[in-house]
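Below, read A as the first sequence line, B as the second, and so on, with proteins coming before strands; counting in each chain starts at 1.
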Amino acid sequence: MTRAAAEIIHEYGPFDDAGRVNGVSYDGRQVWIATGSSIKAFDPADGTVRKSLDLPSHAGTAFDGRHLYQIAEDRIHKVDPENGRVLATIPAPSGGGDSGLAWAEGSLWVGAYRDRKIHQIDPATGEILRSIPCTRFVTGVTWVDGELWHGTWEDDVSDIRRIDPETGEVLDQLDMPAGTGVSGMESDGGETLYCGGGDSGKVRAIRRPKRVRG
Amino acid sequence: MDSLISAAAQALAAGDPLGALNRVALRDDPPALALRGIAMARLGDFGRAKALLRQAARSFGPRAVLARARCAVAEAEIALAARDLGWPTKSLAAARETLEQHGDRANAAYARSLEIRRMVLVGQLDDAERGLAELDPSPLLPAARTIYELIVAGLALRRLQTKTARSALERATRSARQARIPELQAEIERASSALSAPAARMILRGEQRLLQLDDVEALFRSDRLIVDACRLAVRQGSRIVPLARRPVLFALARRLAEGVPDGVPRAALIAHAFHGKEADESHRARLRVEIGRLRQLLHGLAEINATRDGFALVPRRDHDVVVLAQPVEDENATVLACLADGEAWSSSALALALGASQRTVQRALDELASSSKVQSFGRGRAQRWTCPVVPEFATALLLPAWSSLD
């Protein structure tokens with residue numbers, strides 16, 4: 001396992017009338033954040049909010065290429081990003097103990113905060129396909145380049161880690177500075193991981209380290 | 001932080017404690033316990049609230065220092081709301097230090113404002129004023145900011161600084177609007193009504209008039225000689241002769257003031273000050289002694305001259321003397337008047353000051369307490385009584401950033 005300090009490249013927010021960031025997603029152009037009562041999209045180039053949909057949003061957010069998925073209380077809503085309409089609803093696997101949300105390989109991946117797990121679920125039914133054990137409270141979850149990353153936040157300490165999707169073994173760990181939590185996470189598909197900062201209302205861009213391959 | 005905790009916290013912030021409870025009622029993890037505790041406090045069940053917060057703090061474990069500190073602050077807030085003023089202040093101070101060390105400025109400032117609020121309630125007004133002057137309210141979130149402004153207003157009301165009180169209440173109104181908590185708005189309205197309600201009755205040459213607080217303030221700033229039955233003192237300008245602990249002297253001063261410019265017969269003074277039905281020789285001797293004492297205390301403010309059948313008060317600068325009384329004088333008014341100095345009194349000190357038996361004073365205190373005009377803290381010999389002229393905000397329980405209890 002490699003371990004290093006997280007490198008914060010940029011900070012966004014806090015955003016107008018959004019005290020918190022509960023979840024983060026990226027649709028290829030804009031970063032989406034869940035603020036509790038809305039989902040907002042901001043432009044990562046300048047941080048300006050381009051869109052805001054009034055929807056309950058208490059934890060993770062994900063994007064499948066066409067739709068947003070948003071955890072609200074103990075359910076996951078499938079949302080049309082154009083008009084904010086809820087198209088479908090499935091139960092969240094931890095019944096409200098859910099945190100992060102990611103889309104990959106036709107599945108949704110849901111962080112089970114206090115259970116220290118990541119569930120892979122069927123996005124049509126909510127059925128749990130398998131569960132990956134983690135060693136700390138799980139917050140944000142994201143897939144990039146076949147790597148599974150998740151955030152942790154426990155006892156006022158936060159970090160970001162890459163784990164083995166089969167065993168849950170920690171492969172890389174990036175420690176967040178004291179006082180900066182990670183409440184949601186999404187990769188931009190490249191070298192950046194966008195991390196929600198909980199009740200700081202901020203989003204932080206973190207550099208994803210290049211893995212030594214082979 | 002998980003989804004339902006976040007949803008419950010959001011409901012609590014929006015003034016919906018039942019909505020918060022619905023979401024976490026069946027959960028026993030530490031953040032859920034803490035939120036349930038705060039929700040129960042908002043619903044007025046302080047006993048259950050305290051137990052839940054204690055349980056939350058215990059189960060957070062030793063490494064979650066911030067979460068435990070926030071629980072301690074919430075517990076202190078509940079104790080204040082329940083008027084349990086004897087609770088250990090050390091744990092609140094320790095929690096505040098922890099929050100400061102970890103950079104949680106909002107909650108640290110909030111903890112400090114609770115410490116100051118307690119000082120106001122137990123009558124440590126000078127300490128409270130110093131504390132307020134040193135506290136930077138800028139990190140406070142809207143709800144906590146509103147409570148801070150209510151404390152400023154309450155202290156200013158006690159000090160009869162109506163302008164300061166009014167502007168603090170205006171700032172409170174603005175931040176309460178941001179906080180969107182109906183209870184806070186109601187509390188501001190309650191505090192504001194103290195500014196327009198009749199605060200005292202002015203008696204001048206037999207004529208009576210009701211005064212508002214700012215009228216009283218203006219009267220105190222004037223150069224008039226005032227016999228203040230609200231706070232048991234004689235005052236003119238900056239010179240104040242406190243008589244709260246000399247009730248007989250105050251009774252004489254008031255009766256004499258009401259008799260200006262004519263004198264007051266001995267018999268009337270004796271009946272009024274000593275509650276003596278008939279003025280015998282011993283009463284006359286005692287009256288001479290007491291008048292002598294009063295004369296000394298009022299030296300420079302007024303003379304007390306002997307008349308053919310009694311005594312007459314002759315103000316030095318003015319020809320008149322104003323008597324300031326409570327709008328409605330109930331039979332426990334003297335107890336209230338003692339407490340109106342803002343200090344914390346023991347019942348034995350009150351009995352001494354009023355020349356009444358402990359039993360009488362205790363009965364008066366019990367009556368006043370049942371109509372919420374006075375409140376007590378401590379038990380047994382350490383029990384102290386205060387008169388909360390300060391705005392009440394028992395229902396304003398809200399820990400800023402309590403959503404990060406995890």
**Asked** Looking at side-chain heavy atoms only, is the closest gap between B:Q10 and A:P56 below 4.5 Å?
**Response** no
For A:D155 and B:A64, the nearest pair of non-hydrogen atoms, with its separation, is OD1-CB, 3.3 Å
(Q) More than 12 heavy atoms of other residues, nucleotides or ligands under 6.0 Å from CG of A:L87: yes or no? (A) yes
Take atom NZ in A:K40; do more than 12 heavy atoms of anything else shown fall under 6.0 Å from it?
yes
Whatever's closer than 4.5 Å to a heavy atom in chain A on B:R63 counts as both
Report task. Kindly check if the number of other-residue, nucleotide or ligand heavy atoms within 6.0 Å of CG (A:D16) is above 12? Result -> no
For A:A72 and B:S3, the nearest pair of non-hydrogen atoms, with its separation, is C-OG, 3.9 Å
Nearest heavy-atom approach of B:A7 to A:E73 is CB-CG, 3.8 Å
Note: B:S6 and A:N22 closest approach over all heavy atoms is OG-ND2, 3.3 Å
Bottom line for A:A178: the part with an atom under 4.5 Å from chain B's heavy atoms is neither
Residue from A:S99, A:S37, A:G96 scoring the most non-hydrogen pairs under 4.5 Å with chain B is A:G96
Problem - B:D2 (side chain) donor-acceptor with A:Y113 (main chain) under 3.5 angstrom - result: no
- Query: Take atom CZ in B:R105; do more than 12 heavy atoms of anything else shown fall under 6.0 Å from it?
  - Reply: no
So, the part of A:S57 with a heavy atom under 4.5 Å from chain B: the answer is neither
Bottom line for B:V65: the part with an atom under 4.5 Å from chain A's heavy atoms is both
